[in-house]
Student: 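Once you've had a glance at the structure underneath, I'll fire off some questions.
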Amino acid sequence: MEKIQHSHVEVRGLKLHVAQINVTGEKAVMFLHGFPEIWYTWRHQMIAAANAGYRAISIDFRGYGLSEQPAEPENATFKDLVDDVISLLDSLGINKAFIVGKDFGAMPTYLLAAIHPQRVTGIITLGVPFMVPGTSEFKNHLLPEGFYVSRWQEPGRAEADFGRFDVKTVIRNIYTLFSGSEVPVAAKDQEIMDLYDPSTPLPPWFSEEDLSVYASLYEKSGFRFALQVPYRCLSYGYGITDPKIKAPSLLIMGEKDYVWKFPGIEDCVRGGAMKQHVPDLEITFVTEGNHFVHEQLPQQVNHLIITFLDKHSA
């Protein structure tokens, strides 16, 4: 970890926090985090990629962690994240890169590959398959009223729920709840944070030290932007109706990821629907993997990622 270099790079009027290792590597890999993650979520993969000869880059998205907040976060969409990544690649002098996105970080990964194919060597996504932007991809109406995405989309509701606790407790609760195989759904008289059982320990692969790092970063940024992107901008379509991603692609799915319980995911992944939009697609299933499979089983995921990078970087 001590080899990772940290800096702030001005991108589209905001300073983004950028973590890098092996900055002289000729082939670059850009890692994009989800929620409640941050650049640090990719610590294991960054070191593995650097050891394999790649320039590994992980960022805090605008509004997250050590990156600056935009003036009007409520107007932000995934397109802002895509534009930030392209501008950052320009600033770093990188013409093409592999893009790796996990959880909601998969969405700008897919979008970037569809809009800017000339900048992408290949993409790897974890936990979230491709879905056409703006198509009500999570099908909230088919899930109970207390579905966490529906709750967090409601202005002010998550703010009030999270606001009852300190930041560290919110991160602990989410990491613990979302490590399971069931979709977090609250009853009518509950909020999502109420689902957490205080007697439940942290997952064995997520230490108190890890929790403290996450908490320190979210204590700086808060959750305002994180609730807008991803949750409150999912309906934006970006004018894309039939996107095609031509880049080589790898989807890694943990078999015990709660995302499998979302309506339509089985058909999208196992039924082959995703290949209509991502034809050059490999899918790998990790038997014991949960939603945080890259932190839970880093050696296994590192092997999958490096194998894909080496295959497509020749």
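Everything numeric in this text was worked out from a predicted model, so none of it was measured. Computation of the quantities below employed the complete heavy-atom set of this structure, encompassing side-chain atoms and omitting hydrogens, waters and symmetry-equivalent molecules.
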Student: So, Tyr110 and Ser249: side-chain donor and acceptor under 3.5 Å apart, yes or no?
Tutor: no

Student: Tell me, please, which residues at least two apart from Thr307 pass side chain to side chain contact (heavy atoms under 4.5 Å, CB included).
Tutor: His303

Student: Is the side chain of Ser67 donor-acceptor paired with the backbone N or O of Leu16 at a distance under 3.5 Å, no angle test?
Tutor: no

Student: What's the verdict on side-chain hydrogen bond (donor to acceptor under 3.5 Å, both in side chains) for His294 and His44, showing C-alpha distance, side-chain angles and the deciding distance?
Tutor: CA-CA 8 Å; His294 64 302; His44 306 299; over 6 Å; no

Student: Under a 3.5 Å cutoff, is there a donor and acceptor pairing between the side chains of Lys168 and Ser212?
Tutor: yes

Student: Just checking Tyr175 against Phe292, ring centres under 6.0 Å apart?
Tutor: yes

Student: Would Trp152 and Phe162 count as a close aromatic pair, with their ring centres under 6.0 Å?
Tutor: yes

Student: With distance as the sole criterion, is a donor-acceptor pair present between the side chains of Ser179 and His291 under 3.5 Å?
Tutor: no

Student: Parallel under 30°, tilted from 30 to 60°, perpendicular over 60°: which one fits the rings of Phe308 and His312?
Tutor: tilted

Student: Do Arg62 and Gln69 have side-chain atoms, one donor and one acceptor, less than 3.5 Å apart?
Tutor: no

Student: Does a side chain donor of either Asp310 or Tyr54 reach within less than 3.5 Å of an acceptor in the other side chain?
Tutor: yes

Student: Ring centres under 6.0 Å, that's the criterion: do Phe165 and Tyr196 meet it?
Tutor: no

Student: Can you find a side-chain donor-acceptor pair between Gln299 and Asn302 that sits under 3.5 Å?
Tutor: no

Student: Taking atom types as modelled, find out whether Asp210 and Ser207 have a side-chain donor-acceptor pair closer than 3.5 angstrom.
Tutor: yes

Student: Quick check: Tyr64 with Phe223 (ring centres under 6.0 Å apart)?
Tutor: no

Student: According to side chain to side chain contact (heavy atoms under 4.5 Å, CB included), who are the partners of Gln296, at least two apart in sequence or on a separate chain?
Tutor: Trp205, Asn290, Val293

Student: In this structure, is the centre-to-centre distance between the rings of Phe35 and Phe104 below 6.0 Å?
Tutor: no

Student: Tell me whether Arg270 forms a cation-pi arrangement with Phe285, defined as NZ or CZ under 6.0 Å from the six-membered ring centre and within 45 degrees of its axis.
Tutor: yes

Student: If only side-chain N and O atoms count, and only distance matters, is there a donor-acceptor pair under 3.5 Å linking Ser150 with Glu145?
Tutor: no

Student: With sequence neighbours excluded, what pairs up with Asp197 under the side-chain hydrogen bond (donor to acceptor under 3.5 Å, both in side chains) test?
Tutor: Ser199

